[in-house]
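Here is the structure we will look at, set down as structure tokens.
Here is how names work: the chains are called A, B, and so on, in the same order as the sequence lines, proteins then strands, and each is numbered from 1.
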Amino acid sequence: NAGVTQTPKFQVLKTGQSMTLQCAQDMNHNSMYWYRQDPGMGLRLIYYSASEGTTDKGEVPNGYNVSRLNKREFSLRLESAAPSQTSVYFCASSERGADQPQHFGDGTRLSIL
Amino acid sequence: AQSVTQLDSHVSVSEGTPVLLRCNYSSSYSPSLFWYVQHPNKGLQLLLKYTSAATLVKGINGFEAEFKKSETSFHLTKPSAHMSDAAEYFCVVSDPPGGSYIPTFGRGTSLIVHP
């Protein structure tokens, strides 16, 4: 009963290092999302993928890239990490459609020094 | 364009008293509306959703919300708070533009429950 699995759960990076956050879902969902959560800001959408083979920018895409590897997996890459990217990152998936709820992973806590 | 405002950043109640978390939305369509709960160090979990059926929606753990179109509100309530309800709550609105949707999240309300 895994749902959405994110790895790693915690990571500390130095400024300028690169890193890929992994996300996989086992619910056969079409749509997947990456969010960042900062205190008092709610969740802000970084990138989303409405279906396999497509990706689109969200509200805060600068400094990030994504890959929809297949229907199950959606990765988020930081090419050159900056302290402003210190945050908690959540991956989510859903069926396509405005009335479909999202299913979330437990998050990746990322600190950039 | 859609937007959502959670009117309180923090709500404090005593155990056994009612809970009210307020949410107003803006949408050009007939939106779908959701409430999610986030416990510490966990991901978000769906509490309930409204999708143009009954205006009073019942969710998990005794929570319910009422859709009021005239007031553009979707407030979350519970008759009696439990200590385990202490968490962050998010109101979310979703429009159906062009077949794919991008949900918009409120900034969250932190519910504090005192013994």
Side-chain angles (χ1 to χ4, degrees), chain A residues 1-7 9-10 21 23-25 27 29-61 68 88-109, chain B residues 1-10 21 23 25 27-54 57 59-60 65 67 87-110:
Chain A
N1 209 21
V4 178
T5 302
Q6 292 184 235
T7 55
K9 295 188 186 304
F10 304 92
L21 308 185
C23 175
Q25 52 95 5
M27 294 169 283
H29 286 162
N30 285 297
S31 302
M32 297 186 73
Y33 313 81
W34 276 106
Y35 293 91
R36 60 177 291 171
Q37 183 178 28
D38 302 291
M41 300 295 291
L43 271 70
R44 292 182 292 169
L45 184 65
I46 305 171
Y47 272 92
Y48 70 101
S49 171
S51 61
E52 185 179 358
T54 69
T55 60
D56 287 285
K57 294 179 181 180
E59 181 185 354
V60 289
R68 183 74 183 266
V88 182
Y89 291 85
F90 287 98
C91 177
S93 71
S94 73
E95 284 298 346
R96 205 180 312 169
D99 62 340
Q100 297 300 314
Q102 293 172 296
H103 299 255
F104 288 83
D106 282 342
T108 295
R109 285 148 184 84
Chain B
Q2 63 194 23
S3 67
V4 61
T5 302
Q6 292 183 243
L7 297 166
D8 305 291
S9 59
H10 296 84
L21 305 184
C23 172
Y25 71 92
S27 173
S28 303
Y29 300 85
S30 295
S32 294
L33 292 157
F34 307 82
W35 276 99
Y36 291 86
V37 60
Q38 182 184 30
H39 291 281
N41 299 314
K42 301 295 279 184
L44 281 70
Q45 178 187 12
L46 179 70
L47 271 179
L48 50 81
K49 70 174 185 179
Y50 166 78
T51 56
S52 74
V57 182
I60 62 172
F67 174 73
E88 190 84 12
Y89 292 80
F90 292 95
C91 183
V92 178
V93 63
S94 180
D95 281 344
S100 65
Y101 82 102
I102 306 172
T104 298
F105 282 74
R107 293 195 171 193
T109 297
S110 178

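Of the listed residues (B/F34, B/Y50, B/F90), the one with the most heavy-atom contacts under 4.5 Å to chain A is B/F34. Per-residue counts of heavy-atom pairs under 4.5 Å with chain B were compared for A/G40, A/S31, A/G107; the largest is that of A/G40. Heavy-atom pairs under 4.5 Å with chain A were tallied for B/G106, B/P103, B/S110; the largest tally goes to B/P103. When B/N41, B/L46, B/T51 are compared by the number of non-hydrogen pairs under 4.5 Å with chain A, B/N41 comes out ahead. Between chain B and the options A/H103, A/Q37, A/E59, the largest number of non-hydrogen pairs under 4.5 Å is found for A/Q37.
In this structure, the portions of A/L43 lying under 4.5 Å from any heavy atom of chain B include both its backbone and its side chain. If you measure heavy-atom distances from A/R44 to chain B, you find no contacts under 4.5 Å at all. Heavy atoms of B/Q45 lying under 4.5 Å from chain A are absent altogether.
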Q | Residues A/Q102, B/Y36; criterion side chain to side chain contact (heavy atoms under 4.5 Å, CB included); working and verdict | A | CA-CA 9 Å; A/Q102 293 172 296; B/Y36 291 86; 3.7 Å; yes

Q: Please step through side chain to side chain donor-acceptor pair (under 3.5 Å) for the pair A/Y33 and A/S94, ending with a clear verdict.
A: CA-CA 9 Å; A/Y33 313 81; A/S94 73; 3.0 Å; yes

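Across all non-hydrogen atoms, the minimal contact from A/R68 to A/M32 is NE-SD, 3.6 Å.
Proximity of a side-chain donor or acceptor of B/K49 to a complementary backbone N or O of A/D99 within less than 3.5 Å is detected. The closest donor-acceptor contact from the side chain of B/Q6 to the backbone of B/C91 lies under 3.5 Å. A donor-acceptor pair is defined here as one N or O able to donate and one able to accept, closer than 3.5 Å; such a pair exists between the side chain of A/Q6 and the backbone of A/Y89.
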